[in-house]
2 protein chains.
Amino acid sequence: MDTQIKDVARAAGVSATSVSRVLNNSPHVSEKLEKKVRQAIEQLNYTPSMIAKSLKRNKTNLIGVIIADITSGYQASVLSGIEEECARRGYHLLVSNIKENTKKVMDYLQVFQEMRVDGILLMHGKMNEEIQSFIKRTHIPIIAQADVGFDLPVVTIDNIQAAYDATEYLIRKGHRRIAMLAGDMQDTSEGRHRCQGYIAACKHYGITIDHSLIRYGDYKLDTGYWLMEELLQNRENHSFTAVFAVSDDMAVGAMNRIHDRGLRVPDDFSVISIDGGPMSDIVRPRLTAIHQPVDRITRTVLDLLFERIEPEKYRSELPPSGWVNRIPHDLIEKESCKDL
Amino acid sequence: MDTQIKDVARAAGVSATSVSRVLNNSPHVSEKLEKKVRQAIEQLNYTPSMIAKSLKRNKTNLIGVIIADITSGYQASVLSGIEEECARRGYHLLVSNIKENTKKVMDYLQVFQEMRVDGILLMHGKMNEEIQSFIKRTHIPIIAQADVGFDLPVVTIDNIQAAYDATEYLIRKGHRRIAMLAGDMQDTSEGRHRCQGYIAACKHYGITIDHSLIRYGDYKLDTGYWLMEELLQNRENHSFTAVFAVSDDMAVGAMNRIHDRGLRVPDDFSVISIDGGPMSDIVRPRLTAIHQPVDRITRTVLDLLFERIEPEKYRSELPPSGWVNRIPHDLIEKESCKDL
DNA sequence: CTGAAAGCGCTTACAG
DNA sequence: CTGAAAGCGCTTACAG
């Protein structure tokens with residue numbers, strides 16, 4: 001169907017081997033031959049098949065990305081950065097979109113394995129037996145951009161510290177009754193860590209934990225919205241002046257519920273979140289947040305990944321596998337928190 | 001490196017042919033043989049190589065998607081829907097993210113061609129000579145989710161009518177001085193059509209066009225923000241009471257600039273947009289918009305695409321190629337426009 | 001510097 | 001129902 005290497009060879013009056021050499025910029029190719037080949041390629045409008053090349057070379061230049069929710073602005077911005085850098089290195093992305101549905105992760109890992117991707121990026125922290133066993137078994141390099149809680153290279157902020165910092169920030173502003181919109185406690189250390197950080201900060205400042213101020217959910221906007229409503233409904237018995245949400249999206253959901261109830265941020269409630277992605281600058285008031293340094297995380301993730309995919313090209317002084325890379329975060333003050 | 005079909009064959013004591021038959025659920029396989037093979041597959045943890053299979057079958061089950069900006073909530077929601085439906089049909093997505101940079105389109109089309117994708121989705125309307133010539137030349141099925149303005153199956157709303165309806169809505173609410181945050185006029189019929197619709201509505205209602213109320217840009221939030229600032233600065237000579245933005249993101253940018261200037265939507269300015277994606281429900285006030293029916297567009301795009309990829313499986317009564325499919329839009333009233 | 005030949009891991013007529 | 005063999009479109013020792 002497509003024109004192939006032998007057609008080019010014939011047109012140029014050389015061997016397929018030579019065409020291949022020109023295509024791959026091998027050394028030891030005479031200028032004359034190269035010119036003939038390039039001309040034939042041009043003429044026949046030849047596009048080499050990466051499929052055949054991949055089979056032969058046992059390398060696809062494909063990266064599989066497991067992403068929790070592509071419609072999350074934060075995650076989309078991460079994906080965008082990854083895509084750009086991978087393209088720069090000559091790799092392309094096979095994306096999944098598991099919509100926070102852990103069951104779909106295995107389906108995709110399977111697909112990635114079948115497609116013989118050169119590497120996998122796991123941007124979703126929820127684990128189960130099956131996934132863990134796959135990860136242990138496969139020889140495809142995998143890097144996680146999440147606290148997966150077992151032996152696998154991981155790049156993430158220090159989630160305990162981040163939650164601690166966010167909570168402490170509110171406390172220092174005079175808040176003592178702080179609600180938390182927490183992540184999932186089930187299978188993710190990320191969710192647990194952030195909760196731990198919150199509790200640790202409260203304890204450190206002598207604040208008794210009121211468990212009915214902690215609401216568990218996923219990281220979605222709608223969830224934040226409705227969890228906030230629950231908190232507001234319980235307000236008489238369990239009052240609070242600030243909300244710590246574990247994602248921008250949840251925080252915005254909460255802010256919207258506050259708004260829709262005719263209340264105001266930060267006058268009635270201060271709100272802080274973790275992510276500090278695009279959404280935190282879009283909403284009004286702008287959202288004060290623990291900022292995950294996307295660029296640096298992305299760079300580190302890809303450095304680790306490519307070091308494994310092409311060690312000869314990207315070797316470095318990085319620590320051994322299994323290492324947890326904690327990227328420092330910072331708290332960016334905007335407009336959603338006020339001093340009490 | 002990986003275990004392969006012949007390893008399974010050996011372990012099961014059958015031929016590779018038989019293993020292949022079991023893998024592909026071919027008929028005429030005895031239960032006994034199948035059981036042996038399945039067992040061997042299980043035991044060796046065999047995952048077939050889609051690369052080899054693709055080469056042989058001349059089919060990759062890959063769809064290439066050209067997306068303008070993955071960090072746009074609207075586009076991310078479209079991509080998410082496409083991903084889901086493709087996965088259901090056994091196809092996977094190779095994504096690009098051209099960031100509104102038309103030059104990158106060709107790079108990706110090239111990659112898609114090399115990867116021998118089975119189909120291409122073009123979700124970006126800007127064209128140039130090179131892209132057009134590629135599209136004409138390639139035999140890979142392509143469907144555009146944008147008004148590309150030449151012979152290629154297209155699925156989109158009626159952009160002229162959509163802009164007309166948005167403008168008319170404002171006019172009927174008593175607005176006569178309506179600013180427009182327009183798209184790009186350069187290489188996209190979408191941008192031009194939306195402008196035409198705006199002008200047509202104004203003319204129909206006897207409103208003189210004030211060209212300094214029309215600002216051109218891309219579809220991004222920041223652009224909307226700064227174009228709005230320009231409009232506000234010119235307000236003394238060119239007053240207006242309403243803004244029609246050609247994307248949710250631009251509208252939100254405009255709303256933010258209005259807010260940051262200490263003004264209010266809809267009290268000081270009414271705002272309407274085209275898209276009606278997730279963002280339109282996230283902002284406060286909620287954004288009144290021409291709603292692009294994402295689900296229906298996605299479904300139509302994929303129906304057209306798969307009909308071309310697998311005509312035997314997905315044949316239908318669809319009109320011939322080159323056909324422009326206009327999906328009806330609707331105007332969803334929310335909170336960002338007021339009666340004058 | 002150049003080319004003939006083998007082989008990457010599958011599928012598929014073809015023959016039995 | 002089952003298998004031997006050819007071939008998908010490339011690359012890469014090997015030989016010259």
Side-chain angles (χ1 to χ4, degrees), chain A residues 1-38 40-41 44-62 90 111-118 139-140 312, chain B residues 1-38 40-41 44-62 90 111 113-118 139-140:
Chain A
M1 192 86 186
D2 290 288
T3 70
Q4 51 195 77
I5 205 167
K6 66 182 176 199
D7 301 320
V8 177
R10 196 179 307 122
V14 302
S15 72
T17 308
S18 292
V19 177
S20 174
R21 286 208 183 90
V22 171
L23 249 23
N24 294 293
N25 299 310
S26 305
H28 314 306
V29 180
S30 72
E31 276 187 33
K32 212 176 79 187
L33 189 147
E34 170 157 5
K35 188 177 294 176
K36 281 193 292 185
V37 170
R38 296 238 177 259
I41 289 174
L44 300 182
N45 215 304
Y46 169 67
T47 311
S49 161
M50 286 300 293
I51 298 299
K53 184 171 179 170
S54 294
L55 178 61
K56 183 63 193 168
R57 286 206 172 162
N58 203 25
K59 179 146 185 2
T60 54
N61 281 45
L62 248 28
V111 169
F112 292 166
Q113 175 116 295
E114 288 178 354
M115 290 300 300
R116 301 292 192 262
V117 298
D118 291 332
H139 59 262
I140 303 176
E312 58 304 338
Chain B
M1 191 88 187
D2 290 289
T3 71
Q4 49 196 75
I5 205 168
K6 67 183 176 199
D7 302 318
V8 177
R10 197 179 306 122
V14 301
S15 73
T17 307
S18 293
V19 176
S20 174
R21 288 208 181 91
V22 170
L23 248 23
N24 293 294
N25 300 309
S26 304
H28 313 307
V29 180
S30 72
E31 276 186 34
K32 213 176 78 187
L33 189 147
E34 170 158 6
K35 187 176 293 176
K36 282 194 295 186
V37 171
R38 296 238 177 261
I41 289 174
L44 300 181
N45 215 302
Y46 168 69
T47 310
S49 162
M50 284 302 292
I51 298 300
K53 185 171 177 168
S54 294
L55 179 61
K56 184 61 193 168
R57 286 205 172 164
N58 201 27
K59 177 144 187 6
T60 55
N61 281 46
L62 247 30
V111 169
Q113 175 117 293
E114 288 178 354
M115 291 300 300
R116 302 291 192 260
V117 299
D118 292 333
H139 58 265
I140 303 176

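Chain identifiers are assigned alphabetically (A, B, ...) following the order of the sequence lines, protein sequences preceding nucleic acid strands; residue numbering begins at 1 within each chain.
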*asked:* Applying a 4.0 Å non-hydrogen cut-off, can you work out what B:Leu23 is touching in the nucleic acid: base, sugar-phosphate, or nothing?
replied: nothing
Which of B:Lys32, B:Arg38, B:Lys36 passes side chain to side chain contact (heavy atoms under 4.5 Å, CB included) with B:Glu34? It is B:Arg38
Closest heavy-atom pair, A:Val29 versus A:Ser26, reported as atoms and distance to 0.1 Å, is CG2-O, 3.4 Å
To the nearest angstrom, the CE-P distance between A:Met115 and C:dC10 comes to 13 Å
Practice task
Check whether any side-chain nitrogen or oxygen of B:Ser18 sits under 4.0 Å from OP1 or OP2 of D:dG3, and answer yes or no.
Solution key: yes
Point to revise | Verdict with supporting geometry, A:Asn45 and A:Thr3, side-chain contact (heavy atoms from CB on, under 4.5 Å) | key: CA-CA 8 Å; A:Asn45 215 304; A:Thr3 70; over 6 Å; no
note: A:Lys6, atom NZ; C:dG3, atom P; distance rounded to Å ~ 17 Å
Taken to the nearest whole Å, NZ/A:Lys36 to C1'/C:dT2 is 10 Å
Atom NZ of A:Lys35 and atom C1' of C:dC1 are separated, to the nearest Å, by 17 Å
By nearest-nucleotide position on DNA chain D, the 5'-leaning member of B:Ala52 and B:Glu31 is B:Glu31
| Taking the P atom of each, how far is C:dC10 from C:dC14, in whole Å? | 24 Å
task = Report which part of the nucleic acid B:Ile51 touches: base, sugar-phosphate, or nothing (heavy-atom distance under 4.0 Å, all strands).
result = nothing
When pairs are called at under 3.5 Å and a stem needs at least three consecutive Watson-Crick or G-U pairs, the stems of DNA chain D are C:1-3 with D:14-16, C:5-12 with D:5-12, C:14-16 with D:1-3
So B:Thr17, base contact, sugar-phosphate only, or nothing? Heavy-atom distance under 4.0 Å.
base
Out of C:dG3, D:dT11, D:dG9, minimum distance to the side chain of A:Arg57 belongs to D:dT11
Between A:Lys56 and B:Pro48, whichever has its closest DNA chain C nucleotide further toward 5' is A:Lys56
Assert: residue with more 5' nearest nucleotide on DNA chain D, out of A:Lys53 and B:Ala16, is B:Ala16
Out of D:dC1, C:dT12, D:dC10, minimum distance to the side chain of B:Arg116 belongs to D:dC10
Task: C1'-based separation of D:dT12 from D:dG16 [nearest Å] - done: 16 Å
Separation of C:dT12 atom C1' from B:Ile5 atom CD1, nearest Å, is 12 Å
- Are any of the side-chain heavy atoms of A:Thr47 and A:Asp2 separated by less than 4.5 Å? no
Of the listed D:dC10, D:dC1, C:dC10, the closest approach to the A:Tyr46 side chain comes from D:dC10
Whole-Å distance, A:Asn24 CG to D:dG9 C1', equals 13 Å
note: A:Asn58, atom CG; D:dT12, atom P; distance rounded to Å ~ 11 Å
Output for pair (A:Arg116 CZ, A:Asn61 CG), nearest 0.5 Å, gives 16.0 Å
Picking from C:dT2, D:dT11, C:dT11, the nucleotide nearest the side-chain atoms of A:Arg21 would be C:dT2
Closest heavy-atom pair, A:Lys59 versus A:Asp118, reported as atoms and distance to 0.1 Å, is NZ-OD2, 3.0 Å
Picking from C:dC1, D:dT2, D:dG3, the nucleotide nearest the side-chain atoms of A:Ser30 would be C:dC1
### Message
Looking at B:Ser20, I'd like to know whether one of its side-chain N or O atoms comes within less than 4.0 Å of OP1 or OP2 on C:dT11.
### Response
yes
Separation between OG (B:Ser49) and CG (A:Leu55), nearest 0.5 Å, reads 6.5 Å
Here the distance between atom P of C:dG7 and atom CG of A:Leu55, to the nearest Å, is 14 Å
Any side-chain heavy-atom pair from A:Arg57 and A:Asn24 closer than 4.5 angstrom? yes
